[in-house]
Amino acid sequence: MAVEPLTDQEIQRRLEQLPGWSFADDRLSRTYVFKGHPQAAGLVAEIATIQEELAHHSDLTLGYNKVGVTVNTHSVGGKVTALDFELAGRIEEIAPQHGARAD
């Protein structure tokens, strides 16, 4: 099954199911804040595992107590697809286990 870019309307509709995530410059993004660095690093490690399972990778930024996630699909010209929402949804499922809260 070919991956196709989503329309702006589809993106906005799907974002309603992902509070804290935003869409700009053809990317989905979110920042998580933690009590400290070990919790932030733990989320990054778990995201890396999920990305390998999905064969779909985001850009991650690890700070002392923050993790920034941005994602789009390079194979369709850097546009947002259902794969990006699948990854974002998986991240949302695990982030609370690491003590994440929205920035």
Side-chain angles (χ1 to χ4, degrees):
M1 182 173 147
V3 177
E4 297 291 330
L6 299 174
T7 66
D8 287 348
Q9 289 175 330
E10 290 170 317
I11 291 167
Q12 292 307 318
R13 183 179 52 79
R14 289 176 183 233
L15 278 174
E16 292 173 6
Q17 305 303 312
L18 290 172
W21 286 82
S22 62
F23 171 69
D25 300 322
D26 290 325
R27 295 178 173 273
L28 297 180
S29 62
R30 176 151 187 190
T31 299
Y32 296 96
V33 179
F34 301 86
K35 182 178 179 181
H37 191 67
Q39 296 85 358
L43 180 64
V44 168
E46 197 164 348
I47 290 172
T49 299
I50 291 168
Q51 291 178 147
E52 287 298 304
E53 290 172 10
L54 296 175
H56 187 62
H57 300 82
S58 65
D59 292 324
L60 299 171
T61 304
L62 173 61
Y64 167 70
N65 69 335
K66 292 184 180 183
V67 173
V69 182
T70 59
V71 64
N72 62 14
T73 303
H74 301 287
S75 64
V76 294
K79 301 294 182 181
V80 172
T81 69
L83 287 173
D84 302 307
F85 278 96
E86 182 176 356
L87 177 58
R90 294 275 305 271
I91 294 169
E92 280 298 297
E93 290 173 5
I94 63 166
Q97 299 165 16
H98 295 273
R101 58 188 193 273
D103 186 19

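Numbers here simply count residues along the sequence, with the first being 1.
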Counting C-beta onward and ignoring hydrogens, is there a side-chain heavy-atom pair between Ile94 and Ile47 closer than 4.5 Å? yes
Would you name the heavy atoms of Leu6 and Thr81 that are closest together and state the gap between them? CD1-C, 3.7 Å
Are any of the side-chain heavy atoms of His37 and Leu62 separated by less than 4.5 Å? yes
Atom CG of Leu83 and atom NE2 of His57: how far apart are they, to the nearest 0.5 Å? 12.0 Å
Ser58 backbone acceptor or donor facing Gln51 side chain under 3.5 Å: yes
Under the rule for side chain to side chain contact (heavy atoms under 4.5 Å, CB included), what residues qualify as partners of Glu4, not counting sequence neighbours? Ala2
Contacts table for residues 9-21: side-chain donor-acceptor under 3.5 angstrom, sequence neighbours left out:
from	atom 1	to	atom 2	distance (Å)
Glu10	OE1	Thr7	N	2.7
Glu10	OE1	Thr7	OG1	3.3
Trp21	NE1	Glu92	OE2	2.9

Between Ser29 and the options Thr61, Asp59, Thr70, Asn72, the side-chain contact (heavy atoms from CB on, under 4.5 Å) test singles out Thr70
Which atom pair, heavy atoms only, marks the closest approach of Gln97 to Glu93? NE2-O, 3.6 Å
From Leu54 atom CG to Glu86 atom CD, the distance as rounded to the nearest 0.5 Å: 5.0 Å
Quick one: closest heavy-atom pair of Gln39 and His98, and the distance? CB-O, 3.3 Å
Interatomic distance, Asp84 atom CG to His56 atom NE2 [nearest 0.5 angstrom]: 3.5 Å
Interatomic distance, CD1@Ile50 vs CG@Leu43, rounded to 0.5 Å, equals 8.0 Å
State, to 0.1 Å, how close Tyr64 and Ala40 come at their nearest heavy-atom pair, and which atoms those are. O-CB, 4.2 Å
